[in-house]
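These numbers come from the heavy atoms of this one structure, side chains and all, not from hydrogens, waters or symmetry mates. Residue numbers start from 1 in every chain, and the chains themselves are labelled A, B, ... in the order their sequence lines are given, proteins ahead of strands.
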2 protein chains.
Amino acid sequence: MTPPLPAKRPLTTVDIAIFSIRDGRLCVLLVKRPSGKDEPYPGRWALPGGFVDLENDKSLEDCAVRKLREKTGVASPYLEQLGSWGDAKRDPRGWSATHVYLALIAGPEVKPEAGGNAPEADWFPVADSGVAGRLAFDHKDLLAAALARIRAKVEYTSLPVHLVDEPFTLTELQRAYEIVMGRPVNKAAFRKRILDAGIVESTGEFRGGQARPAELFRHARAAERLAYFPRTFSPRP
Amino acid sequence: MTPPLPAKRPLTTVDIAIFSIRDGRLCVLLVKRPSGKDEPYPGRWALPGGFVDLENDKSLEDCAVRKLREKTGVASPYLEQLGSWGDAKRDPRGWSATHVYLALIAGPEVKPEAGGNAPEADWFPVADSGVAGRLAFDHKDLLAAALARIRAKVEYTSLPVHLVDEPFTLTELQRAYEIVMGRPVNKAAFRKRILDAGIVESTGEFRGGQARPAELFRHARAAERLAYFPRTFSPRP
DNA sequence: GCACAATAGTCGTACAGTACGACTAATAGC
DNA sequence: GCTATTAGTCGTACTGTACGACTATTGTGC
């Protein structure tokens with residue numbers, strides 16, 4: 001009695017919500033759906049992604065890294081899994097399940113288009129509800145979940161470190177936090193918290209402007225990729 | 001130019017890490033793999049789960065709820081998605097992806113076996129590294145991730161509320177927190193934090209023992225299914 | 001050189017939240 | 001009553017942060 005493997009299997013995709021700061025605003029990378037016949041949601045904006053390639057993708061994360069490199073050229077971003085969405089109706093072509101990843105990248109050197117002449121990919125401010133509300137598939141939900149994750153984690157982790165280019169000044173890092181949070185934070189409180197948490201380390205260098213030069217920092221090598229700020233319920237030392 | 005849908009698709013499953021408190025210990029529900037020919041990991045313990053049924057499961061979460069009801073009889077547990085794991089090698093039968101859910105249930109009335117005479121399912125203390133280290137597939141990793149999620153969230157959410165039967169006393173709830181955290185917490189601090197957070201509400205009833213009766217509480221109807229304790233970076237009111 | 005603008009970085013205080021042990025409160029059993 | 005037992009509170013110390021005001025260091029214009 002050999003148990004049969006299911007003949008019908010879900011269409012399986014990986015989608016990525018890639019965030020970066022452009023012109024002082026938190027932006028997400030969107031790509032335009034192809035307009036071919038039988039293509040769902042032709043011409044609509046969507047999160048970059050696509051079918052898992054069982055021949056070439058060793059794992060879901062491999063697949064996400066590959067797609068991210070194809071779209072942005074970035075090889076080593078901050079990447080974490082957001083979750084998975086799967087049901088019978090989210091794709092008109094059939095029962096489909098997508099594995100969604102969240103990526104943060106820094107720097108303006110990212111190419112937003114893959115090759116064609118027409119712009120196929122572009123950055124959109126996350127506050128642009130006009131575009132976000134008309135995304136293909138259920139990508140509006142995926143994007144909302146990704147934003148919620150970022151906005152929750154900015155409160156108690158070092159996540160925005162991955163949105164600024166190294167080396168960075170503490171003021172630049174503070175600006176990244178403020179952009180994600182959508183409100184200003186106090187300078188002294190911010191600096192103490194960041195430095196006490198040990199998530200950045202000084203390079204010893206300084207960057208001068210038209211005023212007092214600022215000390216340059218990088219992500220602490222010793223720290224985890226994501227550092228957490230102190231939690232409660234901790235016993236007294 | 002109609003784009004072809006991928007002919008090869010991953011084996012797609014849903015697995016659930018179901019936790020409950022038994023005899024004062026945090027336990028996870030495991031099931032025994034069938035011993036048929038060509039069955040992977042025959043006779044080994046594994047997280048309950050199985051293939052997504054495209055005909056009957058409307059969504060991944062539906063699938064998780066169904067499997068959980070089959071195993072435990074519980075219809076309305078606390079259920080959240082943990083993540084997904086997928087690669088070419090985790091299942092010897094082929095490229096497979098599993099969507100993992102985390103469930104918390106309360107009460108001892110849960111039937112740990114589905115029907116047969118041999119015990120097919122049982123509760124295991126999560127501290128039992130002997131069993132956890134020999135689970136089928138990559139379920140050791142999934143279980144570790146589920147435990148990490150629970151142990152992180154216990155610090156700043158009302159999650160253990162779903163591990164105690166309603167109505168409960170604050171002492172019982174505190175015990176659930178302590179079991180998950182693995183260490184005692186101060187009574188006065190615990191009560192103030194829980195009550196200020198508004199995650200429980202009094203029933204007005206009391207339960208007497210051989211000592212002073214304790215006030216009975218339930219999960220606050222107004223509160224979210226999961227309440228969060230105060231975070232930092234909050235501006236002064 | 002010197003005032004001045006501009007940005008970096010620090011100081012001191014107030015306050016929220018909590019960790020902690022010791023206290024009071026209410027019940028059952030004797 | 002007295003005692004054991006568990007429920008619940010009080011007061012204090014302490015940690016971490018929010019906040020505005022302060023000092024520090026540079027470039028620029030005169």
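Between the side chain of A/Asn186 and the backbone N or O of A/Ala189, at least one donor-acceptor pair lies under 3.5 Å.
The interatomic distance linking B/Arg207 (CZ) with D/dG8 (C1') rounds to 16 Å, in whole Å. Atom-to-atom, CG of B/Asn186 to C1' of D/dT12 comes out at 13 Å; the value is rounded to the nearest Å. Summarising the geometry, the separation between CD1 on A/Ile194 and P on C/dA8 is reported as 16 Å, rounded to the nearest angstrom. Put simply, OH on B/Tyr177 is 12 Å from P on C/dA19, counting in whole angstrom units. Between A/Gln174 atom CD and D/dC19 atom C1' there is a gap of 13 Å when expressed in whole angstrom units. We find that CD of B/Glu215 is positioned 17 Å from P of C/dA25, with the value rounded to whole Å. Rounded to an integer number of Å, the gap from A/Arg191 CZ to D/dA18 P is 15 Å. Spacing between atom NZ of A/Lys187 and atom C1' of C/dC11 amounts to 12 Å, rounded to whole angstrom units.
Of the residues near DNA chain D, B/Thr169 and A/Lys192, the one whose nearest nucleotide (by heavy atom distance) lies more toward the 5' end is B/Thr169. Nucleotides of DNA chain D nearest to B/Ala188 and B/Pro213 differ in position, and the one nearer the 5' end is that of B/Pro213. Map A/Leu216 and A/Gln210 each onto its nearest nucleotide of DNA chain C; the residue landing nearer the 5' end is A/Gln210.
By the neighbour-count criterion of 12 heavy atoms within 6.0 Å, atom CZ of A/Arg134 is sparsely surrounded, having that number or fewer from other residues, nucleotides or ligands.
Side-chain atoms of B/Arg193 lie closest to C/dT18 of the nucleotides D/dT17, D/dG8, C/dT18.
The CG atom of B/Leu163 sits 10.5 Å away from the OH atom of B/Tyr78 when rounded to the nearest 0.5 Å. A distance of 12.0 Å separates CG of B/Leu142 from CD1 of B/Ile16, quoted to the nearest 0.5 Å.
The side chain of A/Arg212 contributes no N or O atom lying less than 4.0 Å from OP1 or OP2 of D/dA24.
Considering A/Glu201, A/Glu166, A/Glu205 as possible partners of A/Arg218, the one that fulfils the side-chain hydrogen bond (donor to acceptor under 3.5 Å, both in side chains) test is A/Glu201.
Residue-level contact check: B/Ala214 touches the backbone only, with heavy atoms under 4.0 Å from sugar-phosphate atoms and none from bases.
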